[in-house]
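Scope of the values below: all heavy atoms of this structure, side chains included, with no hydrogens, waters or symmetry mates. Every value quoted in this text rests on a predicted model; they were computed, and no experiment measured them.
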Amino acid sequence: MSTAFILIQSAAPMLRNLAAILDKAEAHAQASGKSADDYVDARLAPDMFNLARQVQFACYGPTAGAGRLIGKLAVPPGDPDATFTAMKTRIAAAVAALEAMNAGDFAGADDRDVVQPMQGTRVLEAKGLAYVRDWLMPNFYFHLVTAYDILRNQGVDLSKRDYLGHIGPMIRDAAVA
């Protein structure tokens, strides 16, 4: 199996976890007498992107990256979302796009030359495997955990279990055979 396809198998469940985290944030806001949309512009530090941009990049990275890995041009992500509803719609669309791909789509992707535009005139150039391992996955997890951290900082009751919610069925009591 292509290492690049592992991107799909990793990103889709983590994006579902992000949607569940947004659900918890909505419940927290409602219990606090606020609107969840009050969190959209929250950030950890003044020089960091806000929640909406973190969600946008968490969705864009794996979908655009997967496209680059199979030789398709990536469409720019557009503007960040202004509401929780829009962010959850973006997440659902990203998951659907990722799950529409299959292992066969990634034949030869590990050795494919990938060029990703960066800020200004810079580009990132790498073979597919290095692109996934050294840029795409770390960048994806950075934006995902930063979104989580922003909401934790806003007082939303989140735990590692929320961040890694999809692995719950894999955990069992070792004493039970």
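Between Tyr39 and the choices Glu26, Gln154, His28, the side-chain hydrogen bond (donor to acceptor under 3.5 Å, both in side chains) rule is met once, by His28. Just one of Ile150, Ile21, Leu151 meets the side-chain contact (heavy atoms from CB on, under 4.5 Å) condition when paired with Val156; it is Leu151.
A distance-only check finds no donor-acceptor pair linking the side chain of Asp111 to the backbone of Gly108 [under 3.5 Å]. One N or O on the side chain of Ser35 and one on the backbone of Asp37 form a donor-acceptor pair closer than 3.5 Å.
Atom CZ of Arg112 sits about 8.0 Å away from atom CD1 of Ile70, to the nearest 0.5 Å. Here the CZ atom belonging to Arg152 is positioned 14.0 Å from the OH atom belonging to Tyr163, to the nearest 0.5 angstrom. From Asp23, atom CG reaches atom CZ of Phe84 across 9.0 Å, with rounding to the nearest 0.5 Å. Considering OG1 of Thr146 and CG of Asn153, their distance stands at 11.5 Å, rounded to 0.5 Å. Asp110 CG to Leu69 CG: the interatomic distance, rounded to the nearest 0.5 Å, is 8.0 Å. Of the inter-residue distances, the one linking Arg161 atom CZ with Asn17 atom CG reads 12.5 Å to the nearest 0.5 angstrom.
Scanning all heavy atoms of the two residues, the minimum distance from Lys24 to Leu158 falls at CD-CD2, 3.9 Å. Ile8 and Met101 make their closest contact through CD1-SD, 4.0 Å (heavy atoms, listed as atom of the first residue, atom of the second, distance). When all heavy atoms of Val40 and Met87 are compared, the pair lying nearest together is CG2-CE, 4.0 Å. Between Lys88 and Ala19, the shortest heavy-atom contact is CD-O, 4.2 Å.
The salt bridge (Lys or Arg N to Asp or Glu O under 4.0 Å) check on Asp134 picks up nothing, with sequence neighbours excluded.
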Between Leu51 and Arg43, does the side-chain contact (heavy atoms from CB on, under 4.5 Å) criterion hold? Intermediate values first, please. CA-CA 6 Å; Leu51 177 65; Arg43 59 186 77 225; over 6 Å; no
From CA spacing to verdict: side-chain contact (heavy atoms from CB on, under 4.5 Å), Met137, Ile6: CA-CA 10 Å; Met137 294 306 290; Ile6 292 172; over 6 Å; no
Apply the test side-chain contact (heavy atoms from CB on, under 4.5 Å) to residues Leu98 and Leu15: give CA-CA distance (whole Å), side-chain angles for both, the deciding distance (0.1 Å), then the verdict. CA-CA 10 Å; Leu98 293 170; Leu15 287 171; 3.9 Å; yes
With side-chain contact (heavy atoms from CB on, under 4.5 Å) as the test, would you mind laying out the steps for Leu22 and Ile91 before giving the verdict? CA-CA 10 Å; Leu22 292 182; Ile91 293 167; 3.6 Å; yes
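In the hydrophobic clustering of this structure, Met14 groups with Ile171; members are Ile, Leu, Val, Met, Phe, Trp, Tyr whose side-chain heavy atoms approach within less than 4.5 Å, directly or through other members. Both Leu136 and Tyr141 are part of a single hydrophobic cluster, where members link through side-chain heavy atoms under 4.5 Å apart. Taking hydrophobic clusters as Ile, Leu, Val, Met, Phe, Trp and Tyr residues chained together by side-chain heavy-atom distances below 4.5 Å, Leu129 does not share a cluster with Trp135. When hydrophobic clusters are built by joining Ile, Leu, Val, Met, Phe, Trp and Tyr residues whose side-chain heavy atoms come closer than 4.5 Å, directly or via intermediates, Val114 is not grouped with Val123.
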Residues 54-68 side chain polar contacts: donor-acceptor under 3.5 Å, at least two apart:
{"from": "Gln54", "atom 1": "OE1", "to": "His143", "atom 2": "ND1", "distance (Å)": "2.7"}
{"from": "Gln54", "atom 1": "NE2", "to": "Phe49", "atom 2": "O", "distance (Å)": "3.2"}
{"from": "Gln56", "atom 1": "OE1", "to": "Arg53", "atom 2": "NH1", "distance (Å)": "2.9"}
{"from": "Gln56", "atom 1": "NE2", "to": "Gly78", "atom 2": "O", "distance (Å)": "2.6"}
{"from": "Tyr60", "atom 1": "OH", "to": "Val75", "atom 2": "O", "distance (Å)": "3.4"}
{"from": "Thr63", "atom 1": "OG1", "to": "Cys59", "atom 2": "O", "distance (Å)": "2.9"}
{"from": "Thr63", "atom 1": "OG1", "to": "Tyr60", "atom 2": "O", "distance (Å)": "3.1"}
{"from": "Arg68", "atom 1": "NH1", "to": "Gln116", "atom 2": "OE1", "distance (Å)": "3.4"}
{"from": "Arg68", "atom 1": "NH1", "to": "Tyr131", "atom 2": "OH", "distance (Å)": "3.3"}

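Heavy-atom neighbours of Asn102 CG from other residues, nucleotides or ligands within 6.0 Å: above the threshold of 12.
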